[in-house]
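First comes the structure, then the notes that go with it.
We name chains A, B, ... by the order of the sequence lines, and we start the count at 1 in each one.
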Protein chains: 2
Amino acid sequence: MARLDESLIAGLAPFRKLDRAQIREILDQSAPRRHDEGAEIFREGEEADRFFLLLDGFVRVLRTTPTGEQVILRHLPPGQLIGIAPAMGRTTYPATALAASESLTLAWPVRLWSVFIDRYEGFAAHTLGAMGQRFQDLHDHVAELATKAVEQRVAACVLRMVNQTGRKVEGGIEIAFPVTRANIAEMTGTTLHTVSRLLSAWEKEGIVESRRKHIVVTQPHRLMLLSGVVG
Amino acid sequence: MARLDESLIAGLAPFRKLDRAQIREILDQSAPRRHDEGAEIFREGEEADRFFLLLDGFVRVLRTTPTGEQVILRHLPPGQLIGIAPAMGRTTYPATALAASESLTLAWPVRLWSVFIDRYEGFAAHTLGAMGQRFQDLHDHVAELATKAVEQRVAACVLRMVNQTGRKVEGGIEIAFPVTRANIAEMTGTTLHTVSRLLSAWEKEGIVESRRKHIVVTQPHRLMLLSGVVG
DNA sequence: CTCCGAGTTTGCGCAAAATCAAAATGCGAG
DNA sequence: CTCGCATTTTGATTTTGCGCAAACTCGGAG
């Protein structure tokens, strides 16, 4: 539990306004869970009977199309509530959540949702704020897919991951969780072949360095140019 | 105001659980507005100082990219609350809303939002439900853009409009608000040329009929096949 | 140490769709 | 009725990026 304690600071954003006793109350009702990399936290279509707080690690939210392809909708960093579909009146999860890296969550039975909303000040506001942010992201994502060329999309995708989760290392900024070419392809609506070609080209240009499942951006500003956020 | 009265029945879904006196109370605080086709209801980036209930007509929600292209994110039918970003902690509107056809809205100053939430039972639940639905739609939209080929996307887009707003006419189902080829292109991330070619081809096949700004689907099941919702 | 498999790289040809260009068609205003 | 503009259609050309195929590389299991 040393790991848990150390994660709590980062992970308790939704409960920021609460006092120590209230936090204890909430934690006492939760079940901590550890998820290996790649493990399924919940699956699309399952009965939505729990919601989670991501304490540590990263979660990939994806959807499987009727024809079997997977689309990665979003990555979530620690501190986010996940699986909150039931709060929006859904009885089943609308997407699947996988641990993108070894992760730590707290899980609560869904009936506690309304209790939390009623009892803890700031909880509802925090949730709505998070939903607003996710709307924003989804709108961006749609706009990007609809207007940008493949290279721009991939550049924007890498930048987004860097912004959300980048950590400084010598020589650049690295993405803090394992990402394969195929993952990036699933996010950007292209193929792993194309992603591989682009990353190779960028590596030749000195814009990024990548080992397997692992990307370091050495010249973020040049990626920004490619992504077309500026003229 | 005859028009308004007649619209109220359809438009008051968010207040379904209220009694007559409560509805009167709410209406008394609202300002009705008429919007011509193409008129702007609110604009991306503006201070979000009001929210709206769409009583009649259809609203197009769109976003303008830094490079000037427009992306249509969604169409909203009567009965929907729009401009509810402030409820999610935003101070500015995250997208632009245009009247897709002549429309009628009620507008409230944003400070009433929390009053409504506190005072009227079912209001919060209705809002959350609507947000859940929009998340679902956005996820679908992303998945569609990411995995489907152009013809499938356009087919799915036409079907979506038909499902949301279709009205039966002799010979098929028509989309109830004006849509141009360019509009469809903005929704599906393609060009109006391609959309035009597809619609022409479908017309030759007898799947749709279209005059300008106006589409009637005569064989929905064949569009479904094209959209790839089935194997 | 070697084997194996997941992940990655690369080449080539092709089909889909964008772009360029131009004409045709309606619709509404005067 | 006619003009002008917005919308739509269509053709020719070019580009993009996907599908297929094959090879390579790294890292871990035995």
When the distance from NZ of Lys213(B) to C1' of dG28(C) is rounded to whole Å, what number comes out? 11 Å
In whole angstrom, what separates Glu186(A)'s CD from dC18(D)'s P? 14 Å
Name the closest nucleotide to the Thr180(B) side chain, picking from dC12(C), dT8(D), dA17(C). dT8(D)
Between Thr191(A) and dC18(D), is there a side-chain N or O to OP1/OP2 distance below 4.0 Å? yes
How close or far is atom P of dT10(C) from atom CZ of Arg181(A), stated in whole angstroms? 10 Å
Is the base of dT25(D) touched by the side chain of Arg212(A) through a donor-acceptor pair closer than 3.5 angstrom? yes
Hey, are Arg74(A) and Gln80(A) close enough side-chain-wise for a donor-acceptor pair under 3.5 Å? no
Is the ring pair Trp108(A)/Phe51(A) parallel, tilted or perpendicular, if the boundaries are 30 and 60 degrees? parallel
For Leu192(A), report the nucleic acid contact type (base, sugar-phosphate, nothing); a contact means any heavy atom under 4.0 Å. base
So how far is it from Leu81(A) CG to Thr105(A) OG1, rounded to the nearest 0.5 Å? 11.5 Å
Starting at CZ of Arg197(B) and ending at C1' of dA23(C), how long is that distance when rounded to a whole Å? 13 Å
Could you tell me the separation between the NE2 atom of His214(B) and the C1' atom of dT8(D), rounded to a whole number of Å? 16 Å
Describe, in one word, how the ring planes of Phe177(A) and Phe58(A) are oriented to each other, choosing from parallel (under 30°), tilted (30 to 60°) and perpendicular (over 60°). tilted
Between C1' on dT9(D) and CD1 on Ile215(B), what's the gap in Å once rounded to a whole number? 15 Å
Working to the nearest 0.5 angstrom, can you tell me the gap between Ile173(B) CD1 and Thr218(B) OG1? 10.0 Å
Let's see if you can work this out: which of dA18(C), dC20(D), dT9(C) has an atom nearest to the side-chain heavy atoms of Thr190(B)? dA18(C)
Distance criterion of 3.5 Å, no angle test: do you see the side chain of Arg211(A) paired donor-to-acceptor with the base of dG7(C)? no
Send over the distance from Arg153(B) CZ to dA17(C) P, rounded to a whole Å. 8 Å
If you only use heavy atoms from C-beta on, which nucleotide in dT8(D), dA17(C), dT8(C) is closest to the side chain of Ser196(B)? dT8(D)
Could you work out how much the helix from dC1(C)-dG30(D) to dG30(C)-dC1(D) bends, comparing the axis of its first five pairs with that of its last five, to 10°? 40°
Both Ala149(B) and Thr194(A) contact DNA chain C. Taking the nearest nucleotide for each, which residue is further toward the 5' end? Thr194(A)
Just the rounded figure in Å: distance from P of dA15(C) to CD of Glu151(B). 16 Å
Tell me whether Glu44(B) contacts the main-chain N or O of Thr64(B) through its side chain, where contact means a donor paired with an acceptor under 3.5 Å. yes
base_contact_polar (dT10(D) base, His193(B) side chain, donor-acceptor, <3.5 Å): yes
Given the options Gln152(A), Arg153(A), Arg160(A), Glu144(A) meets side-chain hydrogen bond (donor to acceptor under 3.5 Å, both in side chains) only with Arg160(A)
